[in-house]
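Order of the sequence lines fixes the chain letters, A, B, ..., with proteins taken first and strands second; residue numbering starts at 1 for each chain.
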Amino acid sequence: MSVPIASIRRLRRSDLPVGAVRLARDLIGKVLVHELPAGRLAGRIVETEAYLADDASCHAFRGPTLRNRSLFLPHGHAYVYFIYGVWFALNVSAEPAGVGAGVLLRAVEPLEGIDLMRRRRGPAPVTDLARGPGRLATAFRISRRHDGLDLCAPGRLWLGRMRRPAGRIGTSVRVGITKEIHRPLRFYERGNPCVSGPARQRV
DNA sequence: CGGCTGATGATCT
DNA sequence: GATCATCAGCCGG
């Protein structure tokens, strides 16, 4: 049973920077919260990637479709997609309405609800529970239902801030893509063991 | 620890 | 029919 952290405060839309690169950097050290009947899940965001409107690896690059339309909502909305037939991944829309761009949440450091996360993820070290976008969505029970949700509106899924500041932020190329592979659009808290991938990816 | 590989289904061409 | 913003499990060092 994890102890609730009293001072996680909701972020309003005006607290979030506009623009995928700025938002991706800004979300490091912020908190993802999902309130469930069984308890509250919370985790510090430690790894993100920016996907830009003019970026061939962004799902919105070729214009809106049924799948990617949430990326065109005003910044601060959830875009959830299903990948590899198995996983969901959570993004935050990043630009004004009509511009398709977002920030992929790649990893969080679990703060609250660790038992609940394990119920979904199985017995795993705390550092592994939400280490990677698919694991994060599983641990936080994110699914297609949450696609299009306003993360800045009153609701169960939201972004927050806490006292603890972000550590040093590292930058690198993005993981697992085949287009625009050289753009430095991945951000992470340096040295944090909850950052995804092999050790060199969190230095 | 790190590298490799098969699984699995929605989406778009 | 190809592709895919991944992961668990397995094997070698």
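- Between A:R12 and A:D15 there is a salt bridge, since a side-chain N of the basic residue sits under 4.0 Å from a carboxylate O of the acidic one.
- A:F72 and A:G63 get closest at one heavy-atom pair: CZ-C, 3.7 Å.
- A donor-acceptor contact closer than 3.5 angstrom links the side chains of A:R186 and A:S172.
- Results of the salt bridge (Lys or Arg N to Asp or Glu O under 4.0 Å) test with A:D55 over A:R174, A:R62, A:K179 single out A:R174 as the only residue that passes.
- Under the 3.5 Å distance criterion, the side-chain polar atoms of A:R118 are matched with a main-chain donor or acceptor of A:A124.
- The main-chain N or O of A:S196 is found under 3.5 Å from a side-chain atom of A:Q201 such that the two form a donor-acceptor pair.
- When DNA chain B is scanned in the 5' to 3' direction for atoms under 4.0 Å from non-hydrogen atoms of chain A, the outermost contacting nucleotides are B:dG2 to B:dC12.
- A distance-only check finds no donor-acceptor pair linking the side chain of A:H75 to the backbone of A:V18 [under 3.5 Å].
- When rounded to the nearest whole Å, the span between CZ of A:R120 and C1' of C:dC7 equals 16 Å.
- Checking side-chain atoms of A:E47 against main-chain N and O of A:Y188 turns up no donor-acceptor pair under 3.5 Å.
- In this structure, A:N91 contributes its side chain and A:G102 its backbone to no donor-acceptor pair below 3.5 Å.
- Using a 4.0 Å cut-off on heavy atoms, the residues of residues 45-64 of chain A that approach DNA chain C are A:Y51, A:S57, A:H59, listed by number.
- Stacking annotation: A:W87 is not stacked on the base of C:dT6 (requires ring centroids less than 5.5 angstrom apart and an interplanar angle below 30 degrees).
- The backbone N or O of A:P184 lies less than 3.5 Å from no partner atom in the side chain of A:T171, so there is not a single donor-acceptor pair.
- Among residues two or more places apart in sequence or in another chain, the side-chain contact (heavy atoms from CB on, under 4.5 Å) test is passed with A:W158 by A:I8, A:R10, A:V33, A:E35, A:R40.
- Across all their heavy atoms, A:L41 and A:G113 have their closest contact at CD2-O, 3.5 Å.
- Contacts with DNA chain C (heavy atom under 4.0 Å) in residues 65-79 of chain A: none are found.
- Rounded to an integer number of Å, the gap from NE2 of A:H182 to P of C:dA5 is 17 Å.
- Between A:H59 and A:Y81, a ring centre-to-centre spacing shorter than 6.0 Å is recorded.
- Residue A:T178 is classed as a sugar-phosphate contact, given heavy-atom separations below 4.0 Å to backbone atoms only.
- Under a 4.0 Å N-O distance rule, the pair A:R44/A:E189 qualifies as a salt bridge.
- Contacts between residues 121-137 of chain A and DNA chain C, counted as heavy-atom distances below 4.0 Å, involve A:R121, A:G132, A:P133, A:G134, A:R135.
- A stem is defined here as three or more consecutive Watson-Crick or G-U pairs, each with both distances under 3.5 Å; for DNA chain B these stems are B:1-7 with C:6-12, B:9-12 with C:1-4.
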